[in-house]
2 protein chains.
Amino acid sequence: MYMKHKRIPDETIRRLPLYLRGLVFLLQEGHLSVSSEKFGDYVGVNSSQIRKDFSYFGEFGVRGVGYDIRKLAIEIKGILKLNEIHKAALIGAGNLGSAIISYPGLQLYGFDITAVFDNNTHKIGKKIRDIEILDVAKLGILKKKNIQIGIITVPRNAAQETADALVKAGVTGILNFSPCYIIVPKNVKVITIDIAGYLARMPYYITAG
Amino acid sequence: MYMKHKRIPDETIRRLPLYLRGLVFLLQEGHLSVSSEKFGDYVGVNSSQIRKDFSYFGEFGVRGVGYDIRKLAIEIKGILKLNEIHKAALIGAGNLGSAIISYPGLQLYGFDITAVFDNNTHKIGKKIRDIEILDVAKLGILKKKNIQIGIITVPRNAAQETADALVKAGVTGILNFSPCYIIVPKNVKVITIDIAGYLARMPYYITAG
DNA sequence: AATTACTTGTGCTTGCGTTCACATGCACAA
DNA sequence: TTGTGCATGTGAACGCAAGCACAAGTAATT
Ligand SMILES: NC(=O)c1ccc[n+]([C@@H]2O[C@H](COP(=O)([O-])OP(=O)(O)OC[C@H]3O[C@@H](n4cnc5c(N)ncnc54)[C@H](O)[C@@H]3O)[C@@H](O)[C@H]2O)c1
Ligand SMILES: NC(=O)c1ccc[n+]([C@@H]2O[C@H](COP(=O)([O-])OP(=O)(O)OC[C@H]3O[C@@H](n4cnc5c(N)ncnc54)[C@H](O)[C@@H]3O)[C@@H](O)[C@H]2O)c1
């Protein structure tokens with residue numbers, strides 16, 4: 001893959017999964033190629049923004065024609081390192097955790113939740129979607145299983161200790177749904193999704209005055 | 001409330017719920033006042049960023065002393081229009097929808113999901129957390145109930161039609177969990193949370209090379 | 001070969017957001 | 001009343017991101 005020497009904006013990285021998803025669905029709808037203009041309308045991003053985002057990584061389109069959807073999707077998968085399956089572990093098999101385990105949408109990006117943990121003795125040993133819930137004390141097996149990604153869906157007050165345990169088990173990427181700031185070594189990436197926080201902005205936007 | 005004439009950055013609005021949450025939890029831990037430095041460490045934001053964010057709305061602190069947590073929380077609630085309870089409707093009582101209905105964390109910001117809809121005849125009439133699931137065909141009652149906020153947790157291919165129905169029912173703010181771009185009139189605010197998209201960035205960050 | 005229609009890739013401008021650095025102001029003590 | 005310590009509030013500098021506008025390149029037609 002041809003690579004530019006420029007710094008890549010983090011906002012660009014943030015949009016790439018959105019683009020990839022859009023391309024996959026366009027393919028499913030029977031399209032084979034698309035212009036930046038049409039694609040921009042489809043995913044809700046300005047067309048020159050899209051062209052610029054791609055330009056950081058190479059020249060993926062054909063002037064006067066547009067982009068080959070299949071080819072572009074492969075390029076983006078490569079950039080995001082989504083070419084191979086990524087195994088992930090989920091800690092906290094509660095309401096949200098169960099929903100995420102059952103969510104087929106993660107497959108689109110090549111993710112597979114292959115290990116689930118909890119500390120509730122009533123839940124340990126049971127299964128969700130054919131995956132047995134394990135005792136969180138056995139988190140150490142992630143190293144053996146070579147799992148690098150952890151998803152935290154435990155209550156807020158258990159989030160930091162869970163993160164610590166994940167790091168100890170060799171995890172280098174954490175997706176955190178608990179509404180709190182988590183401290184990790186700087187070689188570990190944490191992405192926190194604060195669902196309630198998104199909703200909390202709504203009244204500001206929709207209330208007159 | 002004293003108001004500056006400056007334009008307020010959207011990123012500032014995005015951080016306010018985070019601040020409010022941090023303040024509430026600090027209060028629960030017994031603190032009464034906090035400095036921007038300490039608070040910054042607590043929520044994971046640079047301290048001068050915090051001071052600047054507040055400065056768009058007034059002078060909430062005391063020089064040499066810090067911020068009165070209770071007072072600051074009230075100010076932020078006022079800015080975000082979270083002083084009164086906001087009723088919300090949720091469409092799609094599936095895995096994710098059920099988790100969100102059961103989530104107590106929305107109360108912190110004053111949200112109350114008072115109406116739930118689905119189109120599955122097996123679900124209509126049943127209850128989740130004492131809330132009866134209604135037929136989505138009856139979405140029109142939102143106008144009578146004066147509900148302004150809708151939460152979409154239906155499958156992707158039903159998201160746009162659900163949004164259309166919500167808009168028709170008078171909703172002006174939509175929190176959308178479906179992985180797709182939704183088109184609405186410009187007096188309606190849509191916030192889309194693409195959970196899988198967050199996870200999809202992880203391999204880029206944690207993979208060497 | 002020349003013309004037309006179309007769309008990409010990108011230099012440049014503009015705008016937005018973050019961080020620095022310090023003057024300002026408060027509290028408390030001597 | 002003066003001095004010391006501390007933390008806020010903000011102008012100014014910096015850095016990052018978005019969008020414009022057009023040259024460059026492709027395809028199809030005459
Ligand atoms: N439910 C939602 O829609 C929602 C929305 C936004 C954020 N969240 C956040 O996600 C997290 C989980 O929410 P939930 O509604 O699924 O809660 P839940 O109580 O249904 O589930 C939490 C699970 O974690 C387990 N657990 C508790 N402590 C543990 C520990 N130390 N180690 C391992 N497992 C442990 C519990 O046994 C339980 O199964 C919370 O932090 C919550 O704030 C939830
Ligand atoms: N489950 C997750 O963890 C998760 C994560 C990220 C995104 N999402 C997204 O959230 C949405 C819901 O996911 P889910 O896992 O809860 O799916 P689900 O299938 O469990 O639930 C969907 C619900 O919507 C109902 N429904 C379908 N069409 C409808 C219509 N036209 N009107 C009203 N109700 C309708 C169904 O009867 C069902 O109860 C999907 O768009 C999914 O992509 C889910």
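Just so it is clear: chains get the letters A, B, ... in the order the sequence lines come, proteins before strands, and each one is counted from 1.
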- Among residues 32-52 of chain A, which residues get a heavy atom nearer than 4.0 Å to DNA chain D? N46(A), S48(A), Q49(A), R51(A), K52(A)
- Message: Can you measure R7(B) atom CZ to dT18(C) atom P for me and round it to whole angstrom units?
- Response: 11 Å
- Mutual orientation of the aromatic rings belonging to Y67(A) and F54(A) [parallel < 30°, tilted 30-60°, perpendicular > 60°]: perpendicular
- Message: Output the rounded distance in Å from OH (Y56(B)) to P (dG11(D)).
- Response: 11 Å
- Query: Do any side-chain nitrogens or oxygens of Y67(A) fall under 4.0 Å of OP1 or OP2 in dG9(C)?
  - Reply: yes
- Note on the structure: In this structure, CD1 of I8(A) is separated from OH of Y56(A) (nearest 0.5 Å) by 9.0 Å
- Message: A cation-pi test, strictly: NZ or CZ of R156(B) under 6.0 Å from the centre of the six-membered ring of F25(A) and no more than 45 degrees from its axis. Yes or no?
- Response: yes
- In whole angstroms, the gap separating P of dT19(C) from CG of D53(B) amounts to 10 Å
- Using 4.0 Å as the upper bound for N to carboxylate O, is an ion pair formed by D164(A) and K168(A)? no
- Would you say D118(B)'s side chain and A93(B)'s backbone share a donor-acceptor pair under 3.5 angstrom? yes
- Answer whether the closest heavy-atom distance between the side chains of D135(B) and F117(B) falls below 4.5 Å. no
- Nearest-angstrom distance from the residue atom CG of D10(B) to P of dC16(C): 11 Å
- Message: Measuring only between side-chain heavy atoms, which start at C-beta, is V188(B) closer than 4.5 Å to Y205(A)?
- Response: no
- Nearest whole angstrom, please: distance from the P of dG17(C) to the CZ of R15(B). 9 Å
- Message: What does the B/S/- profile of nucleotides 23-30 of chain D look like, 5' to 3', with a 4.0 Å heavy-atom cutoff to protein?
- Response: -BBSS---
- Phosphate OP1/OP2 of dA18(D): any R14(A) side-chain N/O under 4.0 Å: no
- From the list I191(B), V184(B), I152(B), T153(B), side-chain contact (heavy atoms from CB on, under 4.5 Å) partner of N176(B) resolves to I152(B)
- Task: Report the relative orientation of the aromatic rings in F111(A) and H86(A); use parallel for angles under 30°, tilted for 30 to 60°, perpendicular for over 60°.
- Result: tilted
- Item | Rounded distance in Å - CG (D68(A)) to C1' (dT8(C)) | 15 Å
- Task: To the nearest Å, give me how far apart CZ (F54(B)) and P (dT18(C)) are.
- Result: 14 Å
- Task: Rounded off to whole Å, could you give me the CD1-to-P distance for the I8(A) and dC16(D) pair?
- Result: 14 Å
